[in-house]
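Shown next, in structure tokens, is the structure this report addresses.
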Amino acid sequence: MTVITEMTTAGKLYKVPTSDSPNYYIAQTAGYHDEGQGVTGEKPLPVDELERKLKASLSVSHYLPADKEHKATLALIFVWGSHNKLDQDTTTQAYALNSGDFSQSSNSSITLTQQNLLSRAALVGGSHFAHDFEIALNQEALAKSTGIRGIGVGPLEKFMDRDDKTRELVEQAYDDCYYVVVSAYDGAGLAHGKRVLLWRTKMTTNSRGLAMSSSLPVLIETGAHFFGKPDMQDAATLERNVIAEGQVKIGTAVPVKDKP
């Protein structure tokens, strides 16, 4: 799992909540969103269940729902879903249908695939990671197109080798994932028709072999301490079992007579 909070300049000026001085919010659910190649039979988590999990985890970071005694200073937007890769047939067909030019579809499908990849990279590792990743991808493509790739380590491999976390994030970005995003806006600004983003917390987990209904609750619970967390320079990578380990209990042995 990966979690990152990206703080805006306005968000850095906002007070960090504590147990003695929590921040109060009103919440709005943007609902389920499916990006990339959809998975047949995927069942979104029920809205009320996901909201309940999010509110419980937000309280760990001292963000509480507003009430009569406590006025909301924040507006939180919840969105979740799956972000999957595009296959070659899908990207080629999409370009051809939109442009009417089948002769160029193979080249442009690469662009669509890269856009899909970088969008997922921004979810997994944040906008700065996605920016650096894009530079490495472009340098790799340039090296190959000009024939100077050679037999040495290429730009993309150098980028992945800069540290273990970068390699983990790149591998996560190349694969399908489930995600949850919580965006915090200034309440006073919204009251006057201004959308002032303060922070955005992004959570992802690899979705291979996992159901959304069992993955998202664990993801939300595990990332509870990262909501609105200031000064995150890069994404945190976390691990936790989604499926409980099974147990086998053996009872007392009983002798059984052989049948004649």
Side-chain angles (χ1 to χ4, degrees), residues 1-28 30 53-66 70-80 83 118-136 159-173 177-190 194-206 216 218-240:
M1 297 181 284
T2 69
V3 184
I4 185 169
T5 291
E6 295 177 296
M7 190 78 63
T8 66
T9 301
K12 293 177 181 178
L13 301 176
Y14 224 77
K15 72 164 187 171
V16 177
T18 64
S19 57
D20 296 328
S21 181
N23 281 350
Y24 293 90
Y25 66 86
I26 56 173
Q28 180 176 344
K53 293 286 185 182
L54 279 169
K55 289 177 181 178
S57 285
L58 281 161
S59 67
V60 174
S61 293
H62 313 300
Y63 290 95
L64 303 176
H70 304 95
K71 183 180 178 181
T73 57
L74 299 174
L76 302 185
I77 309 297
F78 303 155
V79 61
W80 67 94
H83 198 307
L118 292 173
S119 173
R120 195 163 47 256
L123 269 178
V124 168
S127 57
H128 291 302
F129 164 74
H131 174 71
D132 292 344
F133 187 23
E134 182 178 15
I135 292 174
F159 172 68
M160 294 176 67
D161 281 345
R162 70 182 186 180
D163 53 57
D164 291 339
K165 179 172 287 187
T166 298
R167 180 169 291 274
E168 286 184 48
L169 294 176
V170 169
E171 290 173 351
Q172 178 90 317
C177 70
Y178 297 131
Y179 70 88
V180 176
V181 176
V182 177
S183 302
Y185 293 87
D186 176 60
L190 278 182
K194 297 180 180 179
R195 292 172 62 91
V196 180
L197 179 66
L198 302 177
W199 52 261
R200 179 169 285 140
T201 297
K202 305 172 181 178
M203 304 178 170
T204 69
T205 183
N206 191 293
L216 290 192
V218 176
L219 179 63
I220 293 168
E221 182 180 347
T222 306
H225 292 281
F226 293 89
F227 286 110
K229 184 178 177 65
D231 303 323
M232 287 193 73
Q233 300 302 315
D234 52 18
T237 54
L238 313 169
E239 290 186 5
R240 182 174 167 184

Is the shortest side-chain heavy-atom distance between [X] and [Y] below 4.5 Å?
X	Y	answer
L54	V180	yes
F227	M203	yes
L169	T237	yes
R162	D132	yes

If I compare all heavy atoms of [X] with all of [Y], which pair ends up nearest, and what's the gap?
X	Y	value
L197	A184	CD1-O, 3.4 Å
A10	V196	CB-CG1, 3.8 Å
A66	K71	CB-C, 4.2 Å
V170	F159	CG2-CE2, 3.7 Å
G228	T201	N-OG1, 3.2 Å
G125	I4	O-CD1, 3.4 Å

Give a yes or no on whether the backbone of [Y] and the side-chain of [X] come within a donor-acceptor separation of less than 3.5 Å.
X	Y	answer
T8	L198	yes
T5	F226	yes
T2	V124	yes

Hey, what do you get for [atom1] ([X]) to [atom2] ([Y]), rounding to the nearest 0.5 Å?
X	Y	atom1	atom2	value
Q28	Y185	CD	OH	10.0 Å
F133	M160	CZ	CE	7.5 Å
F129	L118	CZ	CG	9.0 Å
R200	L123	CZ	CG	10.0 Å
N23	K15	CG	NZ	5.0 Å
H83	S119	NE2	OG	3.0 Å

Below 3.5 Å, can you tabulate the donor-acceptor pairs from side chains in residues 56-65 to any protein atom, sequence neighbours excluded?
{"residue": "S57", "atom": "OG", "partner": "I220", "partner atom": "O", "Å": "2.9"}
{"residue": "S59", "atom": "OG", "partner": "A56", "partner atom": "O", "Å": "2.5"}
{"residue": "S61", "atom": "OG", "partner": "A224", "partner atom": "O", "Å": "2.5"}

Just wondering, are more than 12 heavy atoms of other shown residues or ligands nearer than 6.0 Å to [atom1] in [X]?
X	atom1	answer
I135	CD1	yes
D164	CG	no
K165	NZ	yes

* To do: Sorted by first residue and then second, give each salt bridge (charged side-chain N to carboxylate O under 4.0 Å, His left out) pair with at least one member in residues 3-12; sequence neighbours left out.
  =>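 Matches after skipping sequence neighbours: E6-K202.
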
